[in-house]
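Letters go in sequence order (proteins before strands), and every chain restarts at 1. The basis for the numbers below is simple: all heavy atoms, side chains too, and nothing from hydrogens, waters or symmetry mates.
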2 protein chains.
Amino acid sequence: MTKTAPRRSRARPVQDPSQDTALPAGKATINDIARLTGVSKKTVSRVINDSPLVHPETREKILALMKQLGYTPDPQARGLAFRRSFLIGMIYDNPTAQYIVNMQYGALDALRDSGYELVVHPCDSTQEDYIDSVRRFALQQKLHGVILIPRVSEDEQLAAALREIGVRYVRIASIPLDAGPQMVVTQDRQAGTEAANYLESLGHRTLGLITGPRRYRSTIERGGGFVEGLNERGVELPADYTYEGGYTFESGVAGAEYLLAKSPRPTAIFACNDEMAAGVYKAAMRRGLSIPGDLSVVGYDDSPLASQLWPALTTIHLPIRDLGRQAAQMLLSDEPAPDEAATSAPRLVTPQLVVRDSSQRPKG
Amino acid sequence: MTKTAPRRSRARPVQDPSQDTALPAGKATINDIARLTGVSKKTVSRVINDSPLVHPETREKILALMKQLGYTPDPQARGLAFRRSFLIGMIYDNPTAQYIVNMQYGALDALRDSGYELVVHPCDSTQEDYIDSVRRFALQQKLHGVILIPRVSEDEQLAAALREIGVRYVRIASIPLDAGPQMVVTQDRQAGTEAANYLESLGHRTLGLITGPRRYRSTIERGGGFVEGLNERGVELPADYTYEGGYTFESGVAGAEYLLAKSPRPTAIFACNDEMAAGVYKAAMRRGLSIPGDLSVVGYDDSPLASQLWPALTTIHLPIRDLGRQAAQMLLSDEPAPDEAATSAPRLVTPQLVVRDSSQRPKG
DNA sequence: CTGAAAGCGCTTACAG
DNA sequence: CTGAAAGCGCTTACAG
């Protein structure tokens, strides 16, 4: 070892580092930095890891050389020594394309220049072994943490499995399912109630509801909040004016066809996402019903689709990109002390009603 | 070293491996496998890397123990020794959400159980330093390879930069821009011609075209193929019946508004993606024009949107998921000899016209 | 067909 | 504030 070191420095002669073009960008190692600055690699390591135990001058000298050589520590080597990687996993189960992509953009916003990268991991939560497959993924990649998106974020067994193997996670969900630092809460119930208040205040008394699948927590919250909101204002939503959709366009069509055949016909429909609301448009068009003249429609998400529909859709704004950004940020931040963590409040995101052109007072 | 080994095996006593629960799943190392099977770790390494230089019985014994302990080699350690990672990068510049997500699903189809993971890397090709940022990403992560999606796949400077640093890539593009093993070719010109042939055969003589941005190769190919196809059949498309859109819904609306104000008014519009075609629907609706009665519309992509529109959109089917799958597969496969590589044919994907309800003979 | 030694580029644990 | 030694879990280069 004591022999090879000098030999290497002769093989790659670097007298004046400022003149040096022999080291290709991104190929310098901690040993090069240590050798050229005349310190041990441990000291360089301290600078890499922001240790306060380095003399300011030494630190400056090292940082300057790193910058000059375009040195960045090798995440694999660092990871091997740390026994974990610099990868964040995003785990999800088939929401809409817009939802996934915006969530990814948000997470990447937070990860930019952090040295962490995003590894995507869609899965099928209806499969028996999906938890095991996520566990294997997290374990093998030694993930720094994972972001869980509905509906997998609502699965307590998944969360338990991740805790058991010591993998950090942040869950994005309708309600607080975990301690503060593990949660971004979208408060869907509140949004459902807001939709109800709005439509009731316009004068609607006969309403229809198209929910997501029963196994989604958001279905309980959005739908439940809507029904509650109506009840509080003295309007009842009969059980047969609710249709269980699948958060898909086609199920929105089917739901609207079911509801619009009712007598009395609802004058307003709340669809629990924009895709289904678009389906309601199609069904209404086919029946020759005009929106909002004959039927008011309110959606949920405020995806690009909402402003593309004609008339533009009144909907609940969900800041998806922001959710992704916050979740990733929480994974990067240092863990608070366990006792604080248990009691600290989760991040609350407040959904907002966006009134556009698909809703008005009912006729007559 | 020779002292620690026996001590470790006493610290974790493993008499009969089948009874052993001391080694937590996914925590065994190459040393455990070597020790418990009584071979050197080099031999275990040979099994991991499918070397033929292992006695079949030895191999079986090792494989059996690996399976039993749930052992998988640590990708970080392997990567550090190999000087590359087991990560595939997907590089793209803001296409539609459906496009991105399907491409990701496709790539993941090919990567499943391969030991490779997908790292997503959106970027902004209008930024000066984007090539440098992709280069840093590939270098720092020591990517096994990257998948380039339009429009970044069309950037020769990016491709050159990647070649220079020795990072493998597969480009998905309209035309062959590289040697066979680096290309998945979507043959957009052919598709544009097919759209032209179809509309001309219906009897349309006055047509409109809404393209993507000029800097996209697909614009040249789809638009050019369309114009060529019409010309070959004796129909001319005047320059002012072409509108340069931006592959967005809004630009589709603007393009249709421009074209539908023309006199004579086109009886058919070819929009170079489905999003813009949806914009054409909106503009037509606003003007009280019925589709396909007053206006035939043909799109491109066959995204879910196409069958959701009403009437359902006639469009060119692009098998996006399949493109992603093929590209990833090509990155995983062994490199052919350089001389073969240069001459071998690229993967050709044949776009297919899907006739739905948005097109018919012109009136009168 | 098999293995001992050295190394990939970092960090931890310890000593000063 | 600084460093020498050992180690993370693998592979390469060499020897047999």
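For B:F82, the ring pair (Phe, Tyr, Trp, His ring centres under 6.0 Å) criterion is met by no residue, not counting sequence neighbours.
The ring of B:Y116 has its center closer than 6.0 angstrom to the ring center of B:H144.
Not one side-chain nitrogen or oxygen of B:T43 sits closer than 4.0 Å to the OP1 or OP2 atom of C:dC1. For A:T29 and C:dG9, the shortest distance from a side-chain N or O to OP1 or OP2 is not below 4.0 Å.
When all heavy atoms of B:I165 and B:R135 are compared, the pair lying nearest together is CD1-CG, 3.6 Å.
Remark: P of D:dA15 and CG of B:L53 are 17 Å apart, rounded to the nearest angstrom. Atom NZ of B:K42 is separated from atom P of C:dA5 by 16 Å (rounded to the nearest Å). At whole-Å resolution of the value, NZ in B:K142 and P in C:dC8 are 12 Å apart. Rounding to whole angstrom units, CZ of residue B:R46 and P of C:dC1 are separated by 11 Å. Put simply, CG on A:N31 is 14 Å from C1' on D:dG3, counting in whole angstrom units. One can place CD of B:Q141 at 14 Å from C1' of C:dG9, the figure rounded to the nearest angstrom. Look at NZ on B:K41: it is 13 Å from P on C:dG3, rounded to the nearest Å. Following rounding to the nearest Å, A:E57 (CD) and D:dC1 (P) show an atom-to-atom distance of 11 Å.
Judged by distance alone, with hydrogens and angles left aside, the side-chain atoms of B:S85 form a donor-acceptor pair with the main-chain N or O of B:K142 at under 3.5 Å. Under the 3.5 Å distance criterion, the side-chain polar atoms of A:D32 are matched with a main-chain donor or acceptor of A:T29. Using modelled atom types, no side-chain atom of A:R168 and backbone atom of A:G166 make a donor-acceptor pair closer than 3.5 Å.
Comparing B:V54 and A:S45 along DNA chain C, the residue whose closest nucleotide (by nearest heavy atom) sits nearer the 5' end is B:V54.
Side-chain contact, B:R171 with B:Q182: no donor N or O sits under 3.5 Å from an acceptor N or O.
For the pair A:M90 and A:V119, the minimum side-chain heavy-atom distance is 4.5 Å or more.
DNA chain D forms stems at C:1-3 with D:14-16, C:5-12 with D:5-12, C:14-16 with D:1-3, each a run of 3 or more consecutive Watson-Crick or G-U wobble pairs whose two key distances fall under 3.5 Å.
Atom CD1 of B:I91 is separated from atom OH of B:Y169 by 13.0 Å, given to the nearest 0.5 angstrom.
A heavy atom closer than 4.0 Å to some atom of DNA chain D occurs in A:L80, A:A81, A:R83, these being the qualifying members of residues 75-85 of chain A.
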